[in-house]
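Report on the structure given below.
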Amino acid sequence: MDFRHFIRIIQKYLPALIGLPIGTMLLVYVLMRNEKKQYSASTLIYTGLASGYTIESGQDSRVDYFAVSNAFDNLVSTIKSRATLEEVGVRLLAEHLMLKAPDAALANSETFEELKSALPAQIRARVVDHSSYENTVRNIKEYAKIPKNPLAERLLNSKNHPYSVAGITAQLTVAREGTSDMVRLSYLATDPAVAKHSLELLTAVFTSR
């Protein structure tokens, strides 16, 4: 094939060579334009399990690697347990309900408006104590015990809200970092503040347990 023949082939198929990539890009844009962006946050927790070193003791010791593996399994189970995730969901909900306006550090305008439309004002007034975060947490837990209440049915027991066990579980990944002492927690959310703050709450709740 000489150069002129090659040029003729290029000219013949030029519309397809140009049109196919452009068409593909337009198709992807049309299909994805209404998709919500997802944001990821991650954190590492040091455990001291693999090395036998603890911050408290400051000493090395022999390690039973079967026991270490079992300990990591127990640790991951504790992080992903229903009790831990329920506490995280309630605490996140309490902080969001106490907001009087969107806050970039806690909930963007979309998260704020979704919650506002999901929960009637009278229920918000019943559970929120603007003078006390812990009282608000306590009120939510008590109100959630009432049979068929909207707070539990629409939020805490839903399949996709960031306040429910199912919603948190679907977006949470917990795994040991290789063979190290570290456990990595990763979380996805359409609101970057929710992704970041959910991990902060999870770390705090897990540590306290």
Side-chain angles (χ1 to χ4, degrees), residues 35-99 102-108 110-112 114-115 133-134 136-138 140-141 144 155-209:
E35 289 286 321
K36 291 184 178 181
K37 292 182 179 179
Q38 283 209 317
Y39 300 87
S40 176
S42 65
T43 188
L44 283 172
I45 297 176
Y46 174 76
T47 66
L49 294 174
S51 64
Y53 177 85
T54 66
I55 293 173
E56 288 80 8
S57 68
Q59 296 177 349
D60 291 312
S61 60
R62 287 185 173 274
V63 177
D64 180 336
Y65 289 100
F66 177 78
V68 167
S69 179
N70 188 56
F72 269 106
D73 288 343
N74 290 337
L75 185 145
V76 171
S77 295
T78 301
I79 294 174
K80 298 174 74 173
S81 70
R82 184 173 188 84
T84 299
L85 300 186
E86 280 181 346
E87 186 69 18
V88 171
V90 168
R91 289 188 169 275
L92 183 67
L93 178 59
E95 292 192 350
H96 286 179
L97 287 176
M98 292 180 74
L99 292 175
D103 183 336
L106 294 174
N108 63 20
E110 187 175 352
T111 300
F112 181 82
E114 283 183 0
L115 180 57
Y133 169 63
E134 290 301 331
T136 301
V137 170
R138 191 177 305 111
I140 291 172
K141 289 179 179 179
L155 300 173
L156 297 179
N157 295 334
S158 73
K159 293 183 179 180
N160 51 19
H161 271 289
Y163 317 109
S164 69
V165 172
I168 297 172
T169 300
Q171 305 301 332
L172 176 66
T173 302
V174 183
R176 184 180 178 183
E177 191 80 345
T179 58
S180 72
D181 284 321
M182 304 290 189
V183 172
R184 180 175 292 276
L185 281 61
S186 301
Y187 194 79
L188 290 172
T190 55
D191 182 343
V194 170
K196 177 178 179 291
H197 198 52
S198 293
L199 275 190
E200 291 173 341
L201 287 171
L202 180 57
T203 301
V205 171
F206 158 70
T207 302
S208 70
R209 297 193 69 206

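This structure is a prediction, so every number in the text was calculated from the model and none was measured.
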Do you know the tightest heavy-atom contact between Ser186 and Ser42?
OG-CB, 3.6 Å
Which value, rounded to the nearest 0.5 Å, describes the distance between Asn74 atom CG and Ser81 atom OG?
11.5 Å
Tell me, with the steps shown, if Leu99 and Leu115 meet side chain to side chain contact (heavy atoms under 4.5 Å, CB included).
CA-CA 11 Å; Leu99 292 175; Leu115 180 57; over 6 Å; no
Atom CD in Glu177, atom CD1 in Ile45: separation rounded to 0.5 Å?
12.0 Å
Side-chain contact, heavy-atom cut-off 4.5 Å: Ile168 with Ser198?
no
For Val137 against Ala94, the heavy-atom pair lying closest together
CG2-CB, 3.7 Å
Suppose we screen for side-chain hydrogen bond (donor to acceptor under 3.5 Å, both in side chains). Which residues come up paired with His96, at least two apart in sequence or across chains?
Tyr163
What are the two closest non-hydrogen atoms of Val183 and Leu75, and how far apart are they?
CG2-CD2, 3.6 Å
Could you grab the distance from atom CZ of Phe206 to atom NZ of Lys80, nearest 0.5 Å is fine?
13.0 Å
Just by distance, with hydrogens left out, do Arg209 and Thr78 show a side-chain donor and acceptor under 3.5 Å apart?
no
Can you name the nearest heavy-atom pair linking Tyr133 to Glu95, along with the distance?
CE1-CG, 3.2 Å
Output the distance between atom CG (Asn70) and atom OG (Ser77), rounded to the nearest 0.5 Å.
9.0 Å
Applying side chain to side chain contact (heavy atoms under 4.5 Å, CB included), run through Asp191 and Glu110 and close with a yes or a no.
CA-CA 8 Å; Asp191 182 343; Glu110 187 175 352; over 6 Å; no
Could you tell me whether the side chain of Glu86 reaches within less than 4.5 Å of the side chain of Lys141, counting heavy atoms only?
no
Between the OH atom in Tyr39 and the OG1 atom in Thr190, the distance rounded to the nearest 0.5 Å is 8.5 Å
Looking at every heavy atom in both Phe72 and Thr47, which two are closest together, and how far apart are they?
CZ-OG1, 3.5 Å
Please report the C-alpha distance between Leu85 and Val205 in whole Å, then the side-chain angles of each, then the deciding distance to 0.1 Å, and finally whether the side chain to side chain contact (heavy atoms under 4.5 Å, CB included) criterion is met.
CA-CA 9 Å; Leu85 300 186; Val205 171; over 6 Å; no
In Å and rounded to the nearest 0.5 Å, what is the NZ to CG distance from Lys196 to Leu201?
10.0 Å
Salt bridge Glu134-Arg91, side-chain N to carboxylate O under 4.0 Å:
yes
Scan side-chain atoms only and decide if Asn108 and Thr111 contain a donor-acceptor pair under the 3.5 Å cut-off.
yes
Flag, side chain of Ser158 to backbone of Leu155, donor-acceptor distance under 3.5 Å
yes
Derivation and outcome, side chain to side chain contact (heavy atoms under 4.5 Å, CB included), residues Ser40 and Leu188
CA-CA 5 Å; Ser40 176; Leu188 290 172; 3.6 Å; yes
Nearest heavy-atom pair of Leu199 and Thr43: which atoms, and what distance?
CD1-N, 3.9 Å
